[in-house]
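Remember, it's a predicted structure, so these values are computed and weren't measured experimentally. Because only heavy atoms are used, hydrogens play no part in the values below, and waters and symmetry mates are left out as well, while side chains stay in.
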Amino acid sequence: MASSFPYLRQDFAASLVVFLVALPLCIGVAVASGVPAELGLVTGIVGGTVTGLMRGSSIQVSGPAAGLTVLVLDAVRTLGPAALGVVVLLAGLLQVAMGLLRWGRWFRAISLSVVEGMLAGIGLVIVAGQLYAAAGLSAPSSGPARLAGLPAALGGAVTSTATLVPLAVAAATVLVITGWRHLPRRARAVPGALVAVLLAALATALFDLPVATVRVNGVLDAVGLPGADGLSALTDIALLGTVLAFALIASAESLFSAAAVDRLHDGPPTDYDKELLAQGFGNTLCGLLGALPMTAVIVRSSANVQAGARTRASRVLHGLWLLVFAALLPGTLEYVPLAALAGILVHAGWKLIPFRGLVTLWRGHRGEALVLLVTALAIVTVNMLEGVLIGLVLSVAKAAWDASHLRVDHTDEGEGPVRVGLSGTVTFLRLPTILDTLEALPRDRPVVLDLSGLHHLDHACRAALESWAERHRTGGGPASVHLHGPPERHPARPADA
């Protein structure tokens, strides 16, 4: 036994720690997503026992993620709860296809600023939405209205006993979680989020606090294959955009989590294509069961590493502990206040916002910081998919601008031809600078345009320079172009040299 599982003791201990971290998060993410709490446990079980068995990353742990609550809640509102399983199923199949096509590695080409902006935007939406939930209030549907109405909502909440008590429970939960990390290491072996939930449940039971608690109907009652109501959503064109958003964002979050986890341990690195395939199979099964979508979650994964996990056995065992809990102790969830779960998610959402990283980025790379900010604000003001697409377009435009290095040397000795030399890598983004320089040249003097220093000249620039050379010749001043290399690679052939 020991030779077959040489790290069983380490993995067993780590699995218990990850189980204790995952339990309140699975429940909290489900409640925040607008679905029964049991579905969060189902996704955690699948993430451990199915995705955990597959190859890709040996250490990171999958389950329902706070980063997807915004997408899930929006999908439930627009398409209906019955359509959630269909969306997750199709997103999982899309992930499987991307994994088979070996597209996993390409997710590493996404700008880190876009990913951090995506997480920051998700964090802002989660914090704003869960602050309303903590006070037992309904949050406005749009992001701007949610943020704008938050001060008035919280101000009114502290003056009413009905809203003040759950708000106090949520605030106490956040304080316990943040303060727990300052305790001795032995005490921190029990996750702060679990302690906060247990204390909140105990206080609610002892003092009969007027707060809403989790409703439990049983895991088997909550799961089920997509029915006719869910399949009817296939005719809704909005479903395709939701599926694409689920697949892309879940994949990006999982694979960037894998990159972060790889830096935390010295074991085998992640195979990105296999990890994407594993995530796809997990989401396909979650869709068939009507459960929440899954991603690899950095909080559980880092806890797994810090607890000493060495192999996939730890994450599989954590899934089994979730299964045992769901089968034997689901009734205990009815003692958990919803306000405590809101506090956990407020803390989780706040941690997604990279305050220190943004300050550092602004000092050294303001362009990247702007990409991060625009992506986050677009997610808050528009929606998840369009916000990420805006960030991607902006990052590509910035990369194209940075890659387009142009140097213009202008020499005019008063007699003879005017000499203009272009060097570097030139794209259409630099056309205004080039044409401003050329069109300011005297029309009655010959011009030598030296392109020998160019490493790259795109089609738009070639066409623009050809047009300028033709206008200059017909305007009365002979244009002379000094070339090095094959003439067909440059904008114009020598004229009147």
Side-chain angles (χ1 to χ4, degrees), residues 43 46-47 49-65 67-68 71-72 75 83-115 117-119 226 231 233-234 237-262 268-289 291-298 301 312 315 375 384-396 399-400:
T43 300
V46 173
T49 58
V50 177
T51 304
L53 283 172
M54 301 184 69
R55 295 185 177 182
S57 174
S58 60
I59 299 296
Q60 76 170 354
V61 184
S62 299
L68 290 181
L71 278 176
V72 176
L84 179 61
V86 176
V87 172
V88 177
L89 171 62
L90 294 178
L93 292 174
L94 183 55
Q95 286 182 299
V96 170
M98 291 190 294
L100 293 174
L101 292 172
R102 302 181 65 82
W103 286 6
R105 67 191 69 182
W106 290 104
F107 279 88
R108 290 181 290 178
I110 298 177
S111 168
L112 183 59
S113 297
V114 174
V115 176
M118 176 187 77
L119 295 176
L231 294 175
L234 291 172
I237 192 66
L239 181 138
L240 298 179
T242 305
V243 168
L244 182 63
F246 269 57
L248 293 181
I249 293 172
S251 300
E253 189 170 344
S254 295
L255 298 181
F256 273 92
S257 172
V261 173
D262 281 349
T270 299
D271 184 317
Y272 286 83
D273 297 319
K274 291 181 179 178
E275 180 63 20
L276 184 56
L277 197 61
Q279 294 294 326
F281 275 117
N283 274 319
T284 300
L285 182 54
C286 286
L288 289 172
L289 296 174
L292 289 172
M294 75 167 61
T295 72
V297 187
I298 188 62
S301 302
R312 291 192 297 271
R315 57 188 191 179
T375 304
M384 178 72 69
L385 179 59
E386 293 181 14
V388 172
L389 291 177
I390 289 171
L392 288 173
V393 170
L394 188 59
S395 68
V396 170

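For Asp262 against Pro268, the heavy-atom pair with the smallest separation is OD1-O, 4.4 Å. The shortest non-hydrogen separation linking Leu292 to Pro64 is CD1-CB, 4.0 Å. The shortest heavy-atom contact between Thr43 and Ala291 is OG1-CB, 3.4 Å. Listed here is the closest heavy atom pair of Val86 and Pro226: CG2-CB, 3.7 Å. Smallest separation of non-hydrogen atoms from Phe281 and Val96: N-CG2, 3.6 Å. The nearest pair of heavy atoms linking Val88 to Cys286 is CG1-CB, 4.1 Å.
Residue Ser62 holds its OG atom at 8.5 Å from CG of Asn283, rounded to the nearest 0.5 Å. For the atom pair OG1 of Thr284 and CE of Met294, the computed distance is 9.5 Å after rounding to the nearest 0.5 Å. Considering CD of Gln95 and CG of Leu276, their distance stands at 5.5 Å, rounded to 0.5 Å.
Every side-chain contact (heavy atoms from CB on, under 4.5 Å) that Leu71 has, sequence neighbours left out, goes to Leu68, Ala245, Phe246, Ile249, Met384. With sequence neighbours excluded, the residues satisfying side-chain hydrogen bond (donor to acceptor under 3.5 Å, both in side chains) with Glu275 are Gln60, Gln279. Scanning for side-chain contact (heavy atoms from CB on, under 4.5 Å) contacts around Leu244 gives Leu94, Leu248, with sequence neighbours left out. Annotation: side-chain hydrogen bond (donor to acceptor under 3.5 Å, both in side chains) contacts of Ser113 (sequence neighbours excluded): Glu368.
Here the side chains of Leu288 and Leu89 are in contact, with some heavy-atom distance below 4.5 Å. Two residues are said to be in side-chain contact when any heavy atoms from C-beta on lie closer than 4.5 Å; Val72 and Pro293 meet this criterion.
A distance-only check finds a donor-acceptor pair linking the side chain of Ser301 to the backbone of Val61 [under 3.5 Å]. Ser395 contributes a side-chain N or O that, together with a main-chain N or O of Leu392, makes up a donor-acceptor pair within less than 3.5 Å.
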Distance-only donor-acceptor pairs under 3.5 Å for side chains of residues 98-107, two or more places apart:
| from | atom 1 | to | atom 2 | distance (Å) |
| --- | --- | --- | --- | --- |
| Arg105 | NE | Asp273 | OD2 | 3.4 |
| Arg105 | NH2 | Asp273 | OD2 | 2.8 |

Report the C-alpha separation of Leu394 and Thr375 in whole Å, then their side-chain angles, then the decisive distance to 0.1 Å, and conclude whether the side chain to side chain contact (heavy atoms under 4.5 Å, CB included) test is met. CA-CA 9 Å; Leu394 188 59; Thr375 304; 5.8 Å; no

Given Arg312 and Leu53, is the side chain to side chain contact (heavy atoms under 4.5 Å, CB included) satisfied, shown in steps? CA-CA 7 Å; Arg312 291 192 297 271; Leu53 283 172; 5.8 Å; no

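Residues in residues 238-248 take part in no side chain to side chain donor-acceptor pair (under 3.5 Å) pair, two or more places apart or across chains.
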